[in-house]
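Only one structure is covered here, and it is reproduced in the block below.
Chain A is the first sequence line, chain B the second, and so forth, proteins listed ahead of strands; every chain is numbered from 1.
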Amino acid sequence: MTKLNEAFYLRDQVWQISKELIGKFLFTQIDGVTTGGMIVETEAYCGINDRACHANNGRKTKRNNIMYESGGRAYIYLCYGIHYLFNVVTNIKGRADAVLVRAIEPCQGVEVMLKRRNHNTLQNQLTQGPGSLSMALGINLSHYGKLLTGKTIWIEDHQIDVEHLIHSGPRIGIVYAQEDAHKLWRFYVKDNPWVSKI
DNA sequence: TAGGTGATCTTG
DNA sequence: AAGATCACCTAT
């Protein structure tokens with residue numbers, strides 16, 4: 001039950017970190033209420049040479065500038081005008097890598113998550129897909145840039161060994177990325193019902 | 001399967 | 001300045 005420390009996030013090779021985040025636990029604490037669950041699906045986005053990454057070709061805007069800071073912070077952005085997507089910034093300052101968390105298996109604060117999502121009963125859609133997950137956890141732009149070593153958003157290691165269950169495939173929704181669209185940088189727990197449907 | 005919604009990029 | 005695109009989700 002230890003919170004991942006800064007050193008975990010400061011490393012290179014974001015795809016490795018993306019894979020290691022499977023089986024870890026993502027939490028938020030908002031208004032005294034903790035919500036969260038086990039990460040079951042992630043995608044790696046690798047700096048200026050990855051055509052699918054927001055920092056591709058050195059792009060740096062008001063939206064993505066936090067990607068260039070040192071790892072261990074939250075990069076959150078509005079997608080399609082509606083959904084807030086949560087990413088984990090990794091690598092040292094100046095290297096704009098990030099991991100998109102795409103799905104969690106809920107374990108804490110289910111009642112509050114149901115309310116945030118306007119759901120009555122616990123179903124897989126509650127935290128399936130990056131937009132849904134963020135809404136369930138109450139993540140929005142007020143969390144932009146927050147340190148993941150802090151008390152609002154953080155990730156814990158519960159010593160669960162899922163490595164043998166992790167599969168990989170191409171990332172979702174990035175067909176425009178040409179040859180990079182074929183990279184196997186999406187990681188997920190095989191046969192886990194909380195993983196998003198393609 | 002279409003449409004909502006807004007930041008960013010591209011085109012003229 | 002206008003138009004296209006986009007790391008998505010929900011209800012037809």
Next item on the list: Have a look at A:R63 and say if it touches a base, only the backbone sugar-phosphate, or nothing, with a 4.0 Å heavy-atom cut-off.
Entry: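 Counting heavy atoms under 4.0 Å across all strands, the contact made by A:R63 is with sugar-phosphate only.
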
Notebook entry, point to check: With a non-hydrogen cut-off below 4.0 angstrom, is A:L78 in contact with a base, only sugar-phosphate, or nothing?
Noted result: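 Touches sugar-phosphate only.
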
Next item on the list: Return yes when atom CD of A:E6 has more than 12 non-hydrogen atoms of other residues, nucleotides or ligands closer than 6.0 Å, and no otherwise.
Entry: no

Checklist line | Residue A:E179 excluded, over 12 heavy atoms near CD under 6.0 Å | finding: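 Correct, the count exceeds 12.
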
Check: Are A:R117 and C:dT10 close enough that a side-chain N or O sits under 4.0 Å from OP1 or OP2?
Finding: yes

How many Å lie between [atom1] on [X] and [atom2] on [N], as a whole number?
| X | N | atom1 | atom2 | answer |
| --- | --- | --- | --- | --- |
| A:N118 | C:dA11 | CG | P | 10 Å |
| A:Q123 | C:dT10 | CD | P | 10 Å |
| A:L133 | C:dT10 | CG | P | 12 Å |

Check: Does the ring of A:Y77 lie flat against the base of B:dA7, closer than 5.5 Å centre to centre with planes under 30°?
Finding: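 So A:Y77 does not count as stacking on the base.
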
Check: Cut-off 3.5 Å, side chains only: do A:E156 and A:W154 have a donor facing an acceptor?
Finding: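 Their side chains do contain a donor-acceptor pair, which is all the 3.5 Å distance test asks for.
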
Next item on the list: Answer with yes or no whether the side chains of A:T35 and A:T28 bring together a donor and an acceptor at under 3.5 Å.
Entry: yes

Check: What is the base-pairing partner of C:dA11, counting Watson-Crick and G-U wobble geometry with both distances under 3.5 Å?
Finding: B:dT1

Check: C1' atom, B:dA7 versus C:dT10: distance in rounded Å?
Finding: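 Looking at atom C1' only, B:dA7 and C:dT10 are 22 Å apart.
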
